[in-house]
Engineer: 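One structure coming up, written as structure tokens, with questions to follow.
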Amino acid sequence: MLISAAALAFGLAAGGVLLLTVLTFAQGRAVHAEALETARGVARLVDQNQLTDPIPVTPGVQVQVIDEQSRVRAVSATADRLVPILYDDELRDLPDGDGVMIPGKRIGFDGGAWVVKLTAGPPTQPWRILVARSTSQLTQGVHLLRVTLLIAFPLLVALLAAGLWRALGAALRPVDALRAGAEEITGGTRAGRLPVPDSRDEIGRLAITLNDMLHRLDTARARQRAFVADAAHELRSPLTNMRTELEVAQRLPDDTDWPALTDDLLADVQRLSRLVDDLLLLARSDDGAGRGVSRRLEEVDLGQLVGEVAARYPEVRHVDGAEPLPLVAEPDALARVVANLLDNACRHRRSSVTVSTAAAGPDLLVVVTDDGPGIPAEDRERVFDRFTRLDDARARDAGGSGLGLAIVQELVRRHGGSVTLGDAGPGLRVEVRLPRRERVRRPVEARPADVITKE
């Protein structure tokens, strides 16, 4: 604000100086033009041999007509009849039609006098016409303006500074409110919202944007806290089982079935390893490291890949289409998608699970159905959240970690696809829709690692 006031004061001072300069120059030009016009009128009288003595002129003007010997031939009423207005050297150095400033007291004027010289008459006997114009009015006008500016300038600067202070204060008051709100939020003394001003200007839009950002940060922070708490709870279960079994075996070594204990420990370790892998994948997706399909891409047959995964589940029936379904994707990621869906379907089935593949226009479909209890329509979005278990699947031994569908959604999203849940009548129908990808042909000298994909 101080810088703005200083800049304003400097601008006003520069404007005042410029005004004085321009006014002085304009009035000087006007005086010169008036004196020159008077000299031209006298010159016409000389040329026409009609010169009178005294020469009629306006008040404040003196005219002398002198010959080659600097003798005064004719004058105006107030001019000196004996001594020329200009000295000999001034007459000699002053070009014809130009003017020179002399002290006014030399010819009885107050202040200064502007003298213009003009030559008239025949070339053999030229007469020089001198016209002196008083500049006292010019000096007085400029002096009056200077005094006025010197008096008015501080007042004007003070008034403008006060107005600027009030205007900037009113404009920055919402910014100060935002700053105070941010300080309170940082100190933890209030909820995470900033005050929004009533004005619909840039400050109001900034406050709305900052509140949206704070809301997203609060949501992400709450989600992270929930994720950490759920992850710690999930990791505690297999660790508690392993610790309990090892403590019992340590206290009762003779009564412990060591082969069975190793099998139980291996199952818990495998479960713990799968959980850690799932958590690592989701953590990387939160950091944005896996948003795009940037890993090893291969051209695979979707039907063959799904059949190979389904072969590991005896209770799953695979319906293979007749046509090939080529797709450029991450084979391991797609295999994990199918495996997670089949694990979920087998966990909740009553008797059968079916998986099929098909082409649907520009997309490829993977459909997994089971005859289990299904998922209510109001819970079909919620089951994709992490660590989500419905009421009929709360037991961790049977219900898994609650990360399977979240991983499916993340991996399918990385391939530009979508996952939807529906009714199988009875049971659940899961449909994975993947866009086709065509491999771009490279020259022969290109290496396989240089192959890219085209949407």
Side-chain angles (χ1 to χ4, degrees), residues 219-287 289-290 308-316 332-333 335-351 353 368 370 372-376 379 382-411 428 430:
T219 302
R221 187 161 50 247
R223 184 178 179 182
Q224 184 180 18
R225 286 197 297 265
F227 180 77
V228 172
D230 291 336
H233 191 67
E234 293 295 335
L235 292 172
R236 186 182 299 138
S237 297
L239 291 175
T240 301
N241 292 338
M242 295 169 63
R243 179 177 179 179
T244 301
E245 292 177 355
L246 290 174
E247 287 178 350
V248 172
Q250 186 180 27
R251 292 178 180 273
L252 302 173
D254 296 334
D255 297 335
T256 300
D257 186 356
W258 291 101
L261 177 62
T262 56
D263 291 340
D264 292 341
L265 291 178
L266 182 60
D268 287 334
V269 169
Q270 291 175 348
R271 177 183 173 187
L272 188 61
S273 177
R274 288 195 301 270
L275 182 58
V276 171
D277 290 340
D278 293 344
L279 292 175
L280 181 61
L281 186 148
L282 293 175
R284 288 176 176 174
S285 68
D286 289 340
D287 291 338
E308 293 175 356
V309 177
R312 302 200 294 264
Y313 298 83
E315 63 273 27
V316 174
D332 295 339
R336 190 168 189 177
V337 168
V338 178
N340 283 4
L341 293 178
L342 294 181
D343 287 337
N344 187 70
C346 293
R347 188 179 299 117
H348 300 96
R349 69 183 176 90
R350 289 194 179 94
S351 60
V353 175
V368 178
D370 63 72
I375 298 178
D379 294 327
R382 187 168 64 89
V383 294
F384 289 105
D385 296 336
R386 299 166 187 182
F387 300 105
T388 298
R389 298 183 183 85
L390 301 182
D391 292 339
D392 60 348
R394 291 187 181 275
R396 286 179 171 78
D397 292 338
S401 63
L403 296 176
L405 290 179
I407 291 175
V408 168
Q409 187 181 54
E410 178 61 31
L411 294 178
L428 179 68
V430 183

Engineer: Give me the atom names and distance for the closest heavy-atom approach of Thr256 to Ala249.
Structural biologist: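 That closest heavy-atom pairing would be OG1-CA, 3.3 Å.
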Engineer: For Ala310 versus Leu342, what's the shortest heavy-atom pair and its separation?
Structural biologist: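 The answer is CA-CD1, 3.9 Å.
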Engineer: Looking at every non-hydrogen atom in both residues, tell me the closest pair between Pro253 and Trp258 and how far apart they are.
Structural biologist: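 So the two residues come closest at O-NE1, 3.4 Å.
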Engineer: Return the CE to CG distance between Met242 and Leu261, rounded to the nearest 0.5 Å.
Structural biologist: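 Met242 atom CE to Leu261 atom CG measures 9.5 Å (nearest 0.5 Å).
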Engineer: Atom CG in Leu252, atom CG in Asp257: separation rounded to 0.5 Å?
Structural biologist: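 Output value for this atom pair is 13.0 Å.
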Engineer: Please name the pair of heavy atoms, one in Ala333 and one in Leu411, separated by the smallest distance, quoted to 0.1 Å.
Structural biologist: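 In this case the closest contact between Ala333 and Leu411 is O-CD1, 3.6 Å.
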Engineer: Taking all non-hydrogen atoms of both residues into account, name the closest pair between Ala339 and Tyr313 and its distance.
Structural biologist: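 Shortest heavy-atom contact: O-OH, 3.5 Å.
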Engineer: Could you work out, with salt bridge (charged side-chain N to carboxylate O under 4.0 Å, His left out) as the rule, every residue matching Arg350, not counting sequence neighbours?
Structural biologist: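 If we apply the salt bridge (charged side-chain N to carboxylate O under 4.0 Å, His left out) test to Arg350, skipping adjacent residues, there are no hits.
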Engineer: What residues, two or more places apart in sequence or in another chain, satisfy salt bridge (charged side-chain N to carboxylate O under 4.0 Å, His left out) together with Asp263?
Structural biologist: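 Result, salt bridge (charged side-chain N to carboxylate O under 4.0 Å, His left out) vs Asp263: none returned.
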Engineer: Could you check whether Arg251 pairs with Glu247 (Lys NZ or Arg NE/NH1/NH2 to Asp/Glu carboxylate O, under 4.0 Å)?
Structural biologist: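 So Arg251 does not pair with Glu247 through a salt bridge.
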Engineer: Apply side-chain contact (heavy atoms from CB on, under 4.5 Å) to the pair Leu246 and Leu265, showing each step before the final yes or no.
Structural biologist: CA-CA 9 Å; Leu246 290 174; Leu265 291 178; 3.6 Å; yes
Engineer: Distance check, rounded to the nearest 0.5 Å: His348 atom NE2 versus Asp370 atom CG?
Structural biologist: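 Reported value, rounded in 0.5 Å steps: 8.5 Å.
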Engineer: Testing the basics here: between Val430 and Leu428, what is the closest heavy-atom pair and its distance to 0.1 Å?
Structural biologist: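 Residues Val430 and Leu428, closest heavy atoms: CG2-CD2, 3.9 Å.
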Engineer: Apply side-chain contact (heavy atoms from CB on, under 4.5 Å) to Thr262 and Leu266, showing your working.
Structural biologist: CA-CA 6 Å; Thr262 56; Leu266 182 60; over 6 Å; no
